[in-house]
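First listed ligand is number 1; within each ligand, the first listed atom is number 1. Only heavy atoms go into these numbers, but all of them, side chains included; no hydrogens, no water, no symmetry mates.
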Amino acid sequence: MTKLQVAIDLLTTEAALELAGKVAPYVDIIELGTPLIKAEGLSVVTAMKAAFPDKLVFADMKTADTGALEAEMAFKAGADLVTVMGTVDDATIKGAIEAAKKYDRMVVVDTIGVKDRVQRAKEVTAFGVAFVELHAGLDEQALPGYSVQTLIGEGREAKVPFSVAGGVNIDTIKDVVAAGATVAVAGGAIYGANDPAAAAKALKDAINTVTL
Ligand SMILES: O=C([C@H](O)CO)[C@H](O)[C@H](O)COP(=O)(O)O
């Protein structure tokens, strides 16, 4: 069953905890977005794990260097999963994976900026990442002609465990699930909704209706 991950791109711990409180019954993974971690530091990870110990907490570190060090910092703070950029040297990704083994946690590779996402997804999966995030960031989503369907098609092609992030919403989440995604990520579709709990529930219900 595809997991639902809420990406919290808010800027304070207080707002993040409040949103998580509303949507936790419907999500499997709570992601602390990169801007949130930069604004609040890793204390937001600790606060979220303390408040929701039964949820997987995803620290979107977007690490580009010192993979082992940054992953260890996030794991010590309480993260279950951390991200490392797919564009960086293999040694950075492998360093984060070594830290994950030490703490019995997981590494996700983020493919923002990767030219050939399918090829890179296969390469990093062989290193031992939990899954590959096929991701168009908020800036790429704003470009004319952007479609999340490109990422969904790449997931089908890559045949490795993957998530899709990049404007997933109620109109597209079933396609993400049907493609075989391990995780569907939804940020704006949840935190930008008038009723985030209802939006998260609708996304979870949509996941549950897809029969593979
Ligand atoms: O990771 C993200 C982005 O780089 C800013 O941190 C988003 O959380 C990710 O794109 C998912 O959010 P939506 O695209 O709003 O669903």
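Under the 3.5 Å distance criterion, the side-chain polar atoms of Gln141 are left unmatched by any main-chain donor or acceptor of Tyr146. In this structure, Thr87 contributes its side chain and Val114 its backbone to no donor-acceptor pair below 3.5 Å.
Summarising the local packing, CD of Glu14 is surrounded by 12 or fewer heavy atoms from other residues, nucleotides or ligands at distances under 6.0 Å. Heavy atoms of other residues, nucleotides or ligands lying less than 6.0 angstrom from NZ of Lys174 number 12 at most.
At least one N/O-N/O distance between Gly187 and ligand 1 falls below 3.5 Å. In terms of polar-atom proximity, defined here as any N/O pair under 3.5 Å, Ala189 makes no such contact with ligand 1.
If you check which protein heavy atom lies closest to atom 4 (O) of ligand 1, you get Lys62 NZ, 2.9 Å. The protein non-hydrogen atom at the shortest distance from atom 7 (C) of ligand 1 is Asp9 OD2, 3.2 Å. Counting protein heavy atoms only, atom 9 (C) of ligand 1 is closest to His135 NE2, 3.4 Å. Residue, atom and distance of the protein heavy atom nearest to atom 14 (O) of ligand 1 are Gln141 NE2, 2.7 Å.
Near Ala7, with a cut-off below 4.0 Å to any heavy atom, the atoms of ligand 1 are 8 (O), 11 (C). With ligand atoms numbered from 1 in the order given, ligand 1 contributes 16 (O) to contacts under 4.0 Å with heavy atoms of Ala186. In the vicinity of Glu31, heavy-atom distances shorter than 4.0 Å reach the ligand 1 atoms 1 (O), 8 (O). If you number the atoms of ligand 1 from 1 as listed, the ones under 4.0 Å from a heavy atom of Gly188 come out as 13 (P), 15 (O), 16 (O). Below 4.0 Å from some heavy atom of Pro35 lie the following atoms of ligand 1, by number and element: 6 (O). The contact set between ligand 1 and Gly166, taken as ligand atoms under 4.0 Å from a residue heavy atom, comprises 14 (O).
Salt-bridge formation is detected for the pair Glu18/Lys22: a Lys NZ or Arg NE/NH1/NH2 atom is positioned less than 4.0 Å from an Asp or Glu carboxylate oxygen.
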Can I get a per-line list of side-chain donor-acceptor pairs under 3.5 Å for residues 120-134, giving both atom names and the distance, sequence neighbours left out?
from	atom 1	to	atom 2	distance (Å)
Arg120	NE	Gly86	O	2.7
Arg120	NH1	Asp90	OD1	3.0
Arg120	NH1	Glu123	OE1	2.8
Arg120	NH2	Gly86	O	3.3
Arg120	NH2	Val88	O	3.2
Arg120	NH2	Asp90	OD1	2.8
Glu123	OE2	Gln119	NE2	3.1
Thr125	OG1	Ala121	O	2.6
Glu133	OE2	His135	ND1	3.2

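Proximity of Asp110 to ligand 1, defined as any heavy-atom pair under 4.0 Å, is not found for any part of the residue.
Side-chain contact check for Gln5 versus Leu56: every heavy-atom pair is 4.5 Å or farther apart. Side-chain contact between Glu72 and Leu69 is absent, with no heavy atoms from C-beta onward closer than 4.5 Å.
Under the rule for a salt bridge (Lys or Arg N to Asp or Glu O under 4.0 Å), Asp110 has no partner lying at least two apart in sequence or in another chain.
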